[in-house]
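This is the structure I want to talk about, given as structure tokens.
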Amino acid sequence: MKHIFPLALVTLGILLSLAAFGQLYRDNRGASLETGGLPTRIAGLDLTSSVSGEAAIADFTSMHGKEFPVTSGSIGYYGDGRVTLWLAGTGKQSIAADMVSSMQARIAEGNSPFTPVKEIQDDNRVVYVLDGMGQKHFYFQSENSVIWLASDRSIADKAIQQILEVYP
């Protein structure tokens, strides 16, 4: 009985530590989307430049028109352009879902520089995979945001796996 009490305390301490780290990890992932934060590295490449706020929103609306209210945005360039990450935030999950659906429909029409390759079911979301402009592209909805990743083909699979972990 003397050995059970210290073992129980150690076990409880480990469980509490794991719970605290888990909560910290979830908080950081969610805060990253809400604040427009970008990862500092993707697929081993450092963030070399970025655009955020009104400048990023203007870039999104110039590409996609003003039919969707983008409320926040960030664009990150990694490894001097080997990877580019766009984050477009909206006020509601339904708006982000409509944006992804609209993008998918426009690309499917065939009047874009992108060729659909496949769709990946990742948990409760679909990740659309495209080829175009010399890179591999991925886009998907994450909560009330739309994420688009463009990457050199050689590191694209590693890059998208990291992004799917950062933006649930």
Side-chain angles (χ1 to χ4, degrees), residues 25-43 45 47-79 81-153 155-168:
Y25 177 69
R26 281 191 303 279
D27 287 348
N28 285 339
R29 284 181 12 177
S32 179
L33 261 182
E34 291 169 12
T35 62
L38 295 163
T40 57
R41 293 176 62 82
I42 298 176
L45 302 174
L47 178 66
T48 52
S49 64
S50 65
V51 177
S52 62
E54 292 301 320
I57 293 170
D59 194 34
F60 301 142
T61 55
S62 71
M63 287 188 286
H64 300 289
K66 296 186 180 209
E67 69 257 18
F68 294 106
V70 176
T71 58
S72 64
S74 295
I75 306 167
Y77 303 94
Y78 297 81
R82 291 186 60 203
V83 172
T84 305
L85 178 64
W86 288 266
L87 309 176
T90 67
K92 298 180 181 179
Q93 288 186 10
S94 61
I95 295 171
D98 288 345
M99 286 177 67
V100 168
S101 179
S102 176
M103 291 165 59
Q104 191 273 332
R106 285 184 180 174
I107 292 167
E109 290 174 359
N111 299 326
S112 102
F114 305 107
T115 303
V117 174
K118 63 181 173 180
E119 298 175 8
I120 301 168
Q121 186 67 41
D122 177 66
D123 292 328
N124 295 326
R125 63 182 166 192
V126 176
V127 178
Y128 297 91
V129 183
L130 312 166
D131 275 333
M133 304 174 69
Q135 292 182 309
K136 195 169 182 180
H137 300 261
F138 307 86
Y139 66 97
F140 61 95
Q141 176 186 354
S142 176
E143 298 173 358
N144 66 335
S145 296
V146 176
I147 313 295
W148 182 293
L149 174 74
S151 175
D152 284 359
R153 286 179 178 91
I155 56 173
D157 292 336
K158 182 177 182 180
I160 190 60
Q161 288 307 314
Q162 290 177 347
I163 292 306
L164 290 172
E165 291 174 10
V166 173
Y167 303 105

Under 3.5 Å, is there a donor-acceptor pair between the side chain of Ser142 and the main chain of Pro168? yes
According to side chain to side chain donor-acceptor pair (under 3.5 Å), who are the partners of Asp122, at least two apart in sequence or on a separate chain? Arg125
Side-chain (Ser151) to main-chain (Arg153) donor-acceptor, under 3.5 angstrom: no
To the closest 0.5 Å, what do you measure between CG (Leu85) and CG (Leu38)? 6.0 Å
Less than 6.0 angstrom separating the ring centers of Tyr128 and Trp148, yes or no? no
Can any side-chain N or O of Gln141 pair as donor or acceptor with the backbone N or O of Gln93 at less than 3.5 Å?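 The answer is yes, because a donor-acceptor pair under 3.5 Å joins these two groups.
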Gap between atom CD1 of Ile42 and atom OH of Tyr78 - 0.5 Å precision: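 Going from OH on Tyr78 over to CD1 on Ile42, the span is 4.0 Å.
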Give, for atom CD1 of Ile120 and atom CD1 of Ile160, the distance between the pair rounded to the nearest 0.5 Å.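 Answer for the CD1-CD1 pair, Ile120 versus Ile160, is 7.0 Å.
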What heavy-atom pair brings Gln162 and Arg41 nearest, and what distance separates the two atoms? OE1-O, 4.4 Å
Just by modelled atom types, is the Val126 backbone N or O under 3.5 Å from a matching donor or acceptor in the Gln121 side chain? no
Can you confirm whether more than 12 heavy atoms, excluding those of Glu54, are under 6.0 Å from its CD atom?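 No, CD of Glu54 has 12 or fewer neighbouring heavy atoms, counting only those of other groups under 6.0 Å.
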Is Asp157 paired with Lys136 through a side-chain N to carboxylate O contact shorter than 4.0 Å?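 Looking at Lys136 and Asp157, the cut-off is met.
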Checking Thr90 side chain against Ser145 main chain: does a donor-acceptor pair fall under 3.5 Å? no
Quick check: does any side chain N or O of Thr84 sit under 3.5 Å from a backbone N or O of Tyr77, one acting as donor and the other as acceptor?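 Checked: no pair found.
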